[in-house]
Amino acid sequence: MENIIVSRHTDGVMQITLNRPKALNALSKGLLAEVARVLDEATADDAVRCVVLTGDERAFSAGADIKEMSDGGIPMFAEAGRLKSWKTIERFAKPLIAAVNGYALGGGCELILRCDIVVAGEGACFGTPEIKIAAFPGDGGTQRLPRSVGKARAMMMVLTGEFIDAETARDWGLVVEVVPSERTIERALEIAGIIAEHSPIAVRMAKAEVLMAFEKPLDESLSLERQMLLWQTEDHDEGIAAFIEKRKPRYTGR
Ligand code: CAA
């Protein structure tokens with residue numbers, strides 16, 4: 001891999017570190033394709049329970065690679081390889097946690113909007129500055145940002161291109177916790193470790209159900225939630241047995 005570093009932690013947590021420091025981890029086609037490929041591998045690997053996505057101290061990611069935008073005749077937003085990579089990230093069924101230090105801008109901000117939980121270091125900043133280059137957050141940002149922070153705040157970010165700091169991002173609901181910058185990855189790994197102990201099938205179902213709240217009308221999602229509730233699993237039986245027997249559950253993912 002040229003643009004990312006993949007590491008495994010003993011507790012079922014995979015860490016993907018974006019690694020284009022000279023370009024502030026800009027999301028080139030190559031980088032996005034590598035992230036997508038590793039997530040495909042993580043999907044197929046039962047040992048991976050949760051993935052932490054991070055960058056470096058200066059940038060989580062400064063967004064789409066602006067220098068690639070002038071390549072070729074096809075508009076960047078419509079390029080098939082990029083769209084496929086974004087789809088893979090979006091459809092990843094296991095929990096995806098972002099650990100953000102530095103800039104999370106443009107596509108970098110859209111990437112965290114696809115993550116399930118976002119932890120930020122004190123110095124992190126977030127923004128959708130595309131308007132400054134006569135563009136807009138076209139990798140899902142115009143739709144996901146208002147769902148995350150509300151219409152007025154999304155309009156403020158998208159139309160001015162101004163950045164918000166980590167505390168504001170937390171107050172607006174984009175980020176769940178702000179920690180000292182040197183603790184960002186550690187904290188994200190801690191959260192991932194807690195999730196990795198739970199039944200993988202229950203975790204996948206829970207993630208899918210929460211996402212339905214943003215994707216489907218309420219009557220439809222409530223009815224789907226009810227159907228999933230009736231979907232008994234061996235892990236559920238094991239969870240109940242372990243509670244009654246006062247022991248740690250041994251989940252198999254069935
Ligand atoms: N794409 C490609 N290269 C980028 C980049 C990007 N998004 N952001 C930064 N870089 C490169 C710079 O060109 C520079 O490279 P060189 O040293 O070769 O010149 C290097 O990273 C360091 O950047 P700066 O010197 O600009 O660093 P700075 O500290 O002065 O400024 C910054 C930091 C405010 C983040 C500034 O780099 C910046 O404004 N970057 C662009 C942010 C942006 O507009 N993002 C949105 C991209 S569009 C998008 O994402 C579209 C979409 O949704 C689909």
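What you see below is based on every heavy atom in this structure, not just the backbone, and it leaves out hydrogens, waters and symmetry mates. Read the numbers this way: they start at 1 and go in the same order the structure lists the ligands and their atoms.
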Qualifying residues under side-chain hydrogen bond (donor to acceptor under 3.5 Å, both in side chains), relative to Arg8, sequence neighbours excluded: Asp45

Heavy-atom side-chain contact between Asp235 and Pro200 under 4.5 Å: yes

Glu57 atom CD, neighbour heavy-atom count above 12 within 6.0 Å: no

Met156 atom CE, over 12 foreign heavy atoms within 6.0 Å: no

Qualifying residue for salt bridge (Lys or Arg N to Asp or Glu O under 4.0 Å) with Glu238, from Arg247, Lys248, Arg254: Arg247

When you pair each N or O of ligand 1 with protein N or O atoms, which pairs come out under 3.5 Å?
unit_1   : atom_1 : unit_2 : atom_2 : d
ligand 1 : 1 (N)  : Ala64  : O      : 3.4
ligand 1 : 1 (N)  : Ile66  : N      : 2.9
ligand 1 : 7 (N)  : Ala62  : O      : 3.1
ligand 1 : 7 (N)  : Ala64  : O      : 2.9
ligand 1 : 13 (O) : Lys67  : NZ     : 3.0
ligand 1 : 15 (O) : Lys67  : NZ     : 3.4
ligand 1 : 18 (O) : Lys67  : NZ     : 3.4
ligand 1 : 21 (O) : Lys22  : O      : 3.3
ligand 1 : 27 (O) : Arg58  : NH2    : 3.1
ligand 1 : 29 (O) : Arg58  : NH2    : 3.0
ligand 1 : 45 (N) : Ala62  : O      : 2.8
ligand 1 : 50 (O) : Ala64  : N      : 2.8
ligand 1 : 50 (O) : Gly107 : N      : 2.8
ligand 1 : 53 (O) : Glu110 : OE1    : 2.6
ligand 1 : 53 (O) : Glu130 : OE2    : 2.6

Sole residue of Leu83, Ile89, Ile4 in side chain to side chain contact (heavy atoms under 4.5 Å, CB included) with Leu32: Ile89

